[in-house]
Amino acid sequence: MKAESRTILPHEAEIIERTDEGHYIYTLRLRFTDPVMHQAYSFEPGQFNMLYLPGVGEVPISIVSDPEDDHLYDHTIRAVGRVTRALMRLKKGDRIGVRGPFGRGWPMAEAKGKDVLIATGGLGCAPVVSVINYILRRRAEFGRLTILQGVKHADELIWRERYEAWAKLPDTRVLLTADKGAQGWPFRSGLITACLDEVELQPDRTLAMMCGPPGMMAAVASDLQKRGMSADRLYLSMERNMQCGIGKCGHCQIGGRFCCRDGPVFTFEEMTPLMSVPGF
């Protein structure tokens, strides 16, 4: 099968399982109906698919499952637009179109043998869930795992049970915080950068992977640099209006790069000249 046909034309996939995560967030587990495509499909943590619903449209969604999950792949989606709201109404057994995978993923090969720090803000945690799943299934290949998650309001936290389960695992630490806490909120209150004071950081053996609002990622990256980490060891997942997935339409262009083709994962070193420019 030619690579072009896998990326330009959508292939039919069946919803094997649907899970409501809360806050208009849901997860679809998919499988290609074509046995050849089912066997040929593979992806890397950090890549995304274009999900297509006939008569409605297409939308880019991160893949959150592990690459070795028997050719099944999960997408956690927030219903915020026409396509994602329509996808939310689907149920097990329904079928959609899928193109992909697209983009440059997280540097998992480089991360082997090193400590990994993951920092996410708001509801932007989906792109790094694949990293967490990947590391936990191959725990002996990586060093210490630190997960920081910040939300604006305490009631915006999803996957609380999952974070609590991760926190109980060996060599894994989870720090959760909300800008505004609430009655009964058992975690920290304040900005996510404050959590870095509690991290045992070894800059020369750590990679940081971030996803969330640009301001939050820039603040965390700046703080980590002050703590001795170099910009080429800080990775960001950039969100843009990706419509074609192959760097042709120009909607996701950022400077001279395209998020869908050259990203969505970039080093902070690559993005520093652009993140301070209004409009980028």
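None of the values given here were measured: they were computed from a predicted structure.
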Colleague: List the steps, then state whether side chain to side chain contact (heavy atoms under 4.5 Å, CB included) holds for Arg18 with Lys92.
Modeller: CA-CA 6 Å; Arg18 184 188 185 283; Lys92 180 179 178 180; 5.5 Å; no
Colleague: Output, in order, the C-alpha distance, side-chain angles, deciding distance and verdict of side chain to side chain contact (heavy atoms under 4.5 Å, CB included) for Tyr73 and Arg29.
Modeller: CA-CA 6 Å; Tyr73 45 100; Arg29 172 161 290 185; over 6 Å; no
Colleague: Would you mind reporting whether Thr146 and Glu200 have side-chain heavy atoms less than 4.5 Å apart?
Modeller: no
Colleague: Side-chain heavy atoms under 4.5 angstrom apart, residues restricted to Ile, Leu, Val, Met, Phe, Trp, Tyr: same cluster for Leu51 and Tyr24?
Modeller: yes
Colleague: Is any side-chain heavy atom of Met50 closer than 4.5 Å to a side-chain heavy atom of Cys244?
Modeller: no
Colleague: Take Leu30 and Ile15, measure what side chain to side chain contact (heavy atoms under 4.5 Å, CB included) needs, and give me the verdict at the end.
Modeller: CA-CA 5 Å; Leu30 304 175; Ile15 298 175; 3.7 Å; yes
Colleague: If the test is side-chain contact (heavy atoms from CB on, under 4.5 Å), which one of Val220, Ile118, Leu196 qualifies with Leu148?
Modeller: Leu196
Colleague: Salt bridge check, Glu164 against Arg160: does any charged N sit closer than 4.0 Å to a carboxylate O?
Modeller: yes
Colleague: Using the rule that two of Ile, Leu, Val, Met, Phe, Trp, Tyr join whenever any of their side-chain heavy atoms come within less than 4.5 Å, decide whether Leu176 and Leu169 are in one cluster.
Modeller: yes
Colleague: Run Arg138 and Asp66 through side chain to side chain contact (heavy atoms under 4.5 Å, CB included) and show every step you take.
Modeller: CA-CA 11 Å; Arg138 302 159 181 82; Asp66 189 276; 2.8 Å; yes
Colleague: Taking all non-hydrogen atoms of both residues, which atom of Ser130 and which atom of Gly46 are closest, and how far apart?
Modeller: OG-N, 3.4 Å
Colleague: Please report the interatomic distance CE(Met217) to CE(Met271), rounded to the nearest 0.5 Å.
Modeller: 10.0 Å
Colleague: Is the distance between the ring centroids of Tyr41 and Phe32 under 6.0 Å?
Modeller: yes
Colleague: What side-chain donor-acceptor pairs closer than 3.5 Å can you find for residues 254-262, not counting sequence neighbours?
Modeller:
from: Arg257; atom 1: NH1; to: Glu270; atom 2: OE2; distance (Å): 3.4
from: Asp262; atom 1: OD2; to: Phe258; atom 2: N; distance (Å): 2.8

Colleague: I'd like to check Cys195 versus Arg188 (side-chain heavy atoms, cut-off strictly below 4.5 Å). Are they in contact?
Modeller: yes
Colleague: If two hydrophobic side chains count as joined below 4.5 Å and joins carry through other members, does Ile16 share a cluster with Tyr52?
Modeller: no
Colleague: Are any of the side-chain heavy atoms of Met108 and Met209 separated by less than 4.5 Å?
Modeller: yes
Colleague: One thing to verify: whether Arg173 and Asp115 come together as a salt bridge, which I'm taking to mean a side-chain N less than 4.0 angstrom from a carboxylate O.
Modeller: no
Colleague: Going by atom types alone, do His11 and Asp34 pair a side-chain donor with an acceptor below 3.5 Å?
Modeller: no
Colleague: In Å and rounded to the nearest 0.5 Å, what is the CZ to CG distance from Arg233 to Asp204?
Modeller: 7.0 Å
Colleague: Atom OG1 in Thr27, atom CD1 in Ile77: separation rounded to 0.5 Å?
Modeller: 7.5 Å
Colleague: Could you check whether any side-chain heavy atom of Ile96 comes within less than 4.5 Å of a side-chain heavy atom of Leu90, counting everything from C-beta outward?
Modeller: yes
Colleague: What's the spacing between Thr172 OG1 and Ile135 CD1 if we round to 0.5 Å?
Modeller: 8.5 Å
Colleague: Is Arg82 close to Val56 at the side-chain level, that is, under 4.5 Å between some pair of heavy atoms?
Modeller: yes
Colleague: I'd like to know if Asp223 pairs up with Lys226 as an ion pair, taking the criterion as any Lys NZ or Arg NE/NH1/NH2 lying under 4.0 Å from an Asp or Glu carboxylate oxygen.
Modeller: no
Colleague: Just distance, no hydrogens or angles: give the donor-acceptor pairs under 3.5 Å from side chains in residues 57-64, sequence neighbours left out.
Modeller:
from: Glu58; atom 1: OE1; to: Arg99; atom 2: NH2; distance (Å): 3.0
from: Glu58; atom 1: OE2; to: Arg99; atom 2: NE; distance (Å): 2.8
from: Glu58; atom 1: OE2; to: Arg99; atom 2: NH2; distance (Å): 3.4

Colleague: Calculate, to the nearest 0.5 Å, the distance between atoms CG and NZ belonging to Leu28 and Lys91 respectively.
Modeller: 12.5 Å
Colleague: Once you round to the nearest 0.5 Å, how far does CZ of Phe268 lie from CG of Leu234?
Modeller: 7.0 Å
Colleague: Give a yes or no on whether Leu191 and Leu117 share a hydrophobic cluster (residues Ile, Leu, Val, Met, Phe, Trp, Tyr; joining criterion: side-chain heavy atoms under 4.5 Å apart).
Modeller: no
Colleague: Identify the two heavy atoms, one from Gly121 and one from Met216, that lie closest to each other, and give their separation to 0.1 Å.
Modeller: N-SD, 3.8 Å
Colleague: So does Arg144 have more than 12 non-hydrogen atoms from other groups sitting under 6.0 Å from CZ?
Modeller: yes
Colleague: Ion pair present between Asp197 and Arg227, side-chain N to carboxylate O less than 4.0 angstrom?
Modeller: yes
Colleague: State plainly whether one hydrophobic cluster holds both Val128 and Trp159, where clusters connect Ile, Leu, Val, Met, Phe, Trp and Tyr through side-chain heavy atoms under 4.5 angstrom apart.
Modeller: yes
Colleague: So does Arg31 get a backbone contact from the side chain of Glu14, meaning a donor-acceptor N/O pair under 3.5 Å?
Modeller: no
Colleague: Any side-chain heavy-atom pair from Pro101 and Asn49 closer than 4.5 angstrom?
Modeller: yes
Colleague: Nearest heavy-atom pair of Leu207 and Lys114: which atoms, and what distance?
Modeller: CG-CD, 4.1 Å
Colleague: Minimum heavy-atom separation for Leu53 to Ala86, with atom names?
Modeller: CD2-CB, 3.5 Å
Colleague: Can you find a pair of side-chain heavy atoms, one from Pro67 and one from Ser42, that are under 4.5 Å apart?
Modeller: no
Colleague: If I compare all heavy atoms of Gly150 with all of Ile192, which pair ends up nearest, and what's the gap?
Modeller: N-CD1, 3.8 Å
Colleague: What pairs with Tyr235 under side-chain hydrogen bond (donor to acceptor under 3.5 Å, both in side chains), at least two apart in sequence or on another chain?
Modeller: Glu110
Colleague: Return the minimal non-hydrogen interatomic distance between Phe48 and Met242, and the atom names on each side.
Modeller: CZ-SD, 3.6 Å
